[in-house]
Amino acid sequence: MAEDLSIIKGDKTAEYKSIIPQIDALVSGEPDLVANLANTVAALKEQFGWFWVGFYLVKGDELVLGPFQGPVACTRIKKGRGVCGTSWAEARTLVVPDVEAFPGHIACSSLSRSEIVVPIIRNGQVIGVLDVDSEHLDHFDETDRVFLEEIVASLNFEV
Ligand code: SME
């Protein structure tokens with residue numbers, strides 16, 4: 001059952017360590033995928049205040065927009081296109097300190113300056129990505145990669 005989140009102010013590691021168990025509590029025992037993805041991005045948005053955070057899910061040869069928090073975004077992204085499609089094609093996390101320097105970056109909003117995209121891998125296949133955008137340059141680093149990979153690894157997609 002959802003309760004108010006406890007939002008702390010600290011360094012990035014402390015903030016992830018505070019919010020991750022709260023996300024686990026929100027999604028545990030709830031089998032509905034959309035509900036769990038929605039609460040995950042809502043909790044991350046509340047804790048970190050990022051410009052945009054959301055999921056894209058693989059459907060056929062495209063990523064299709066899933067639950068997100070932030071401004072309206074591109075609905076479909078082809079494999080290999082943009083940061084999200086490249087993360088899917090290469091099955092690895094991409095940290096982009098300056099989106100304008102990333103060839104083929106898809107600008108859903110001109111305000112987005114840096115980005116991290118984490119693939120969701122199940123049984124060796126990418127089934128979606130978690131995308132986070134910031135209006136600040138060079139906003140994401142190794143700490144974000146480690147904790148966001150932990151978050152997507154613990155999500156239950158078996159529905
Ligand atoms: N910038 C992404 C597209 C998704 S939006 O940022 C929400 C990309 O290049 O794949």
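All ligand and atom numbering here is 1-based and tracks the order in the structure.
- Side-chain contact between Phe147 and Lys17: present, with at least one pair of heavy atoms (C-beta onward) separated by less than 4.5 Å.
- A distance-only check finds no donor-acceptor pair linking the side chain of Asn39 to the backbone of Val27 [under 3.5 Å].
- At a threshold of 4.5 Å between non-hydrogen side-chain atoms, the residues Arg113 and Phe51 do not count as touching.
- Salt bridge Glu62/Lys59: absent, no basic N to carboxylate O contact under 4.0 Å.
- Taking every heavy atom of both residues into account, Val152 and Val118 meet most closely at CG2-CG1, 3.8 Å.
- Each of Trp52, Tyr56, Ala73, Ile77, Gly82, Val83, Cys84, His105, Ile106, Cys108, Glu115, Asp131, Asp133 has a non-hydrogen atom positioned under 4.0 Å from some atom of ligand 1.
- Between Pro119 and Thr93 the shortest side-chain heavy-atom distance falls below 4.5 Å.
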